[in-house]
Amino acid sequence: MTDKHTHRLSADDWDEVNFPRCAESDFDRVLETTLTRRGFLSGVLAFGSAAAVMGPGLLSASAARAEELASVSRFPFKPIDIQTDGTVHVPEGYQWKVLTRWGDPLFTDADGYDITDGGSPELSDRIFGENTDGMETFVYQGHQLLVVNHEYTNNDINLPAAQEGTPASADDVLKLQNLQGISVIEITEGDNGWQIVKDSPYNRRITHNSPMRIAGPAAGHDLLKTAADPSGTQSLGTMNNCGSGRTPWGTYLTCEENFNGYFGSTDAEKAPASELVGAGYSRYGIGADGWGYDYHKWDERFDTAKTPNEPHRVGWVVEIDPNNPESTPVKHTGLGRFKHENAEVVVAHDGRIVVYMGDDERGEFIYRFVSNGTYAPGASTEGLLDDGILYAAKFNDDQTGQWVALTPESTGMEQAELLIFARQAASAVGATTMDRPEWISANPHAIEVYCCLTNNKNRGVQPNAGGDDTSVNGPNPRETNHYGQIVRWRPHNDDHASETFDWDLYVMAGNPELYNNQYGGSENITAGNLFNSPDGMAFDSNGLLWIQTDGDDSNEEDFAGMGNNQMLVGDPATGEIARFLTGPKGSEVTGLAWSADRRTMFVGIQHPGGEFPDAGSLPRSSIITVKRDDNGLVG
Ligand code: FEO
Ligand code: CA
Ligand code: CA
Ligand code: CA
């Protein structure tokens, strides 16, 4: 097993390293695609798919083009250069500050939590957890609440006494379980900037052991039942909480991504209960060893030899009411089970709820849920995230696409099965294999949706984990794609509930200094904004698109000139993209939210290296605030 803890792999890369999929090759399609040119940006300049079909030579950026973009910029800052150091940089006229970091107490009884020895298991659910990811802000009765995911743990940091971070006791496991999940914190801004309101009644940690309710069409199904919960409706814990979402009714959505890594087996020879379950284990990467958390050796719930259905109880989108600390989080099976990145919720014209979701693994799919019922402010929201239809996206090479309903008729699977094994269901209808769908974000000022396709070294090289063909296709036009792209679609009839759409590529990342072909990127990639592996993404209230990266920060070879991971901002109308922030070496920039007055931006710094943010200390995943010097609006 590769040592994750030494190399600080992003959680997304861990699966591939530890569970290499079949290595069949399919070089049977060439790199060239034959798209027709139908960009969205008529009247301005066509980027993306237009660039993809313009062929080599026209893709790389020109100085004139960069100048033109700068002259029409909507961005109120001077873009910054790449950085390779161990701290955060923002443009002139802006400042940043740490709001909170892993180990900070949320309650005064945890004031003594000592990160140098990894802290005590008893207090590990009273502090800010590790590896911050998706987050959202809420205002409730005048209180500003920040809800934050803690995606995974770097075990060598949290268990400094353990050999290579491998848990050596049930207490070690409990500590890891407590350091992940979610933090709900009340925050307030004073003379010294933003701070956590310690002991606020809203402060709450939700961990790998917190009680959850399972709702929706798969709730109570045999595949969700365990000895501890024969009802199949009451589970414990939400895990690998990656991206976030929010509902129009003021609740938080947390998305369970690489949940498979927590499970292992003390009896690797034990046969799965059925062919479907075995296929599911294989498709979702559930193996005998897990990812080094070793929960299964100390906690039977994670031992698939003893609790084979437990993995079916994670991989969902979970709804949390931050305003009610006593509320039980709800797992919505209607939204399907896969490696959820985030959940972007919009309301269609007729009031139906539409949820866009990506499944972040090489060659997996983009999904959409459309509710049967409609939303009205103040009315009951019961069932809105469960009673409806789950769809998978099919992108055609002619820049049109369809949402294909996953139903018993279309998939040959029972309703509960097609939700629990959504990947197999989407394969059955021939959904389009994507280059690792990360965050999805809907433009608040237009009926259009963007999705980061972060990278996919297997594109055109080997099929996905279900054996689906992953030859290059329209929105995934590059073999061994290590730069990534952002696809966007416009629902037909300007209706998010419409079954068809048009699509193009907003940007293809690349390195025009090195390549004069598709790997040079689309025309809106310039020497001044090089990046790779777009991942986090959010629109601000002005309709600008903030893009965060989780890529190769070696600044060498193919990635020369890209520096540390970063946050850029894009103008959907012009295609212009500018670098706003750079993270410390080794970190991923992920998670973005704004204060109620839009004068503060909250940005997550995950798995930093070095001594960020405190000299002489262990590196600590942190949330920072970014403000203008003049306290002006930042989004
Ligand atoms: Fe946790 Fe796909 O990012
Ligand atoms: Ca990550
Ligand atoms: Ca991510
Ligand atoms: Ca990522």
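Just so you know, ligand 1 is whichever comes first in the structure, and atom 1 is the first atom listed for that ligand. Worth knowing before you read on, the calculation uses all heavy atoms, side chains too, and leaves out hydrogens, waters and symmetry mates. Numbers here are sequence positions counted from 1. From a predicted model like this one, the values you see are computed outputs, not experimental measurements.
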K.L.:
Under 2.8 Å from atom 2 (Fe) of ligand 1, is there an N/O/S atom belonging to Asp535?
P.N.:
no
K.L.:
If the threshold is 4.0 Å, N to carboxylate O, is there a salt bridge linking Glu310 and Arg301?
P.N.:
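The answer is yes: the pair qualifies as a salt bridge.
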K.L.:
With sequence neighbours excluded, what pairs up with Glu344 under the salt bridge (charged side-chain N to carboxylate O under 4.0 Å, His left out) test?
P.N.:
none
K.L.:
In terms of side-chain geometry, is the basic nitrogen of Lys585 or Asp85 positioned less than 4.0 Å from the acidic oxygen of its partner?
P.N.:
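Salt bridge: no.
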K.L.:
Looking at atom 2 (Fe) of ligand 1, which N/O/S atom of Glu438 is the nearest one?
P.N.:
OE1
K.L.:
Assess Glu341: does it contribute an N, O or S atom lying under 2.8 Å from atom 2 (Fe) of ligand 1?
P.N.:
yes
K.L.:
Looking only at N, O or S atoms, which one in Asp550 sits nearest to the Ca ion (ligand 4)?
P.N.:
OD2
K.L.:
Looking only at heavy atoms, which two atoms of Ile82 and Gly561 are closest? And how far apart?
P.N.:
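What the structure gives for the nearest pair is CG2-O, 3.3 Å.
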K.L.:
Regarding Arg246 and the six-membered ring of Phe138, is the cationic atom NZ or CZ under 6.0 Å from the ring centre and inside 45° of its axis?
P.N.:
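Pair Arg246/Phe138 counts as cation-pi.
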K.L.:
Indicate whether the side chain of Tyr295 and that of His208 have a donor and an acceptor atom separated by less than 3.5 Å.
P.N.:
yes
K.L.:
Please state the angle at the Ca ion (ligand 4) spanned by OE2 of Glu438 and OD2 of Asp535: what is it, rounded to 10 degrees?
P.N.:
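About 90°, to the nearest ten degrees.
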K.L.:
Has Glu588 got an N/O/S atom less than 3.0 Å from the Ca ion (ligand 4)?
P.N.:
no
K.L.:
Which N, O or S atom name in Asp360 marks its closest approach to atom 2 (Fe) of ligand 1?
P.N.:
OD2
K.L.:
Do any of the N/O/S atoms of Glu341, backbone or side chain, fall under 3.0 Å from the Ca ion (ligand 3)?
P.N.:
yes
K.L.:
Looking only at N, O or S atoms, which one in Glu257 sits nearest to atom 2 (Fe) of ligand 1?
P.N.:
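Sorting the N, O and S atoms of Glu257 by distance to atom 2 (Fe) of ligand 1 puts OE2 first.
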K.L.:
My understanding is that only one of Tyr391, Phe501, Tyr367 makes a ring pair (Phe, Tyr, Trp, His ring centres under 6.0 Å) with Trp403; could you say which?
P.N.:
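The option that passes is Phe501.
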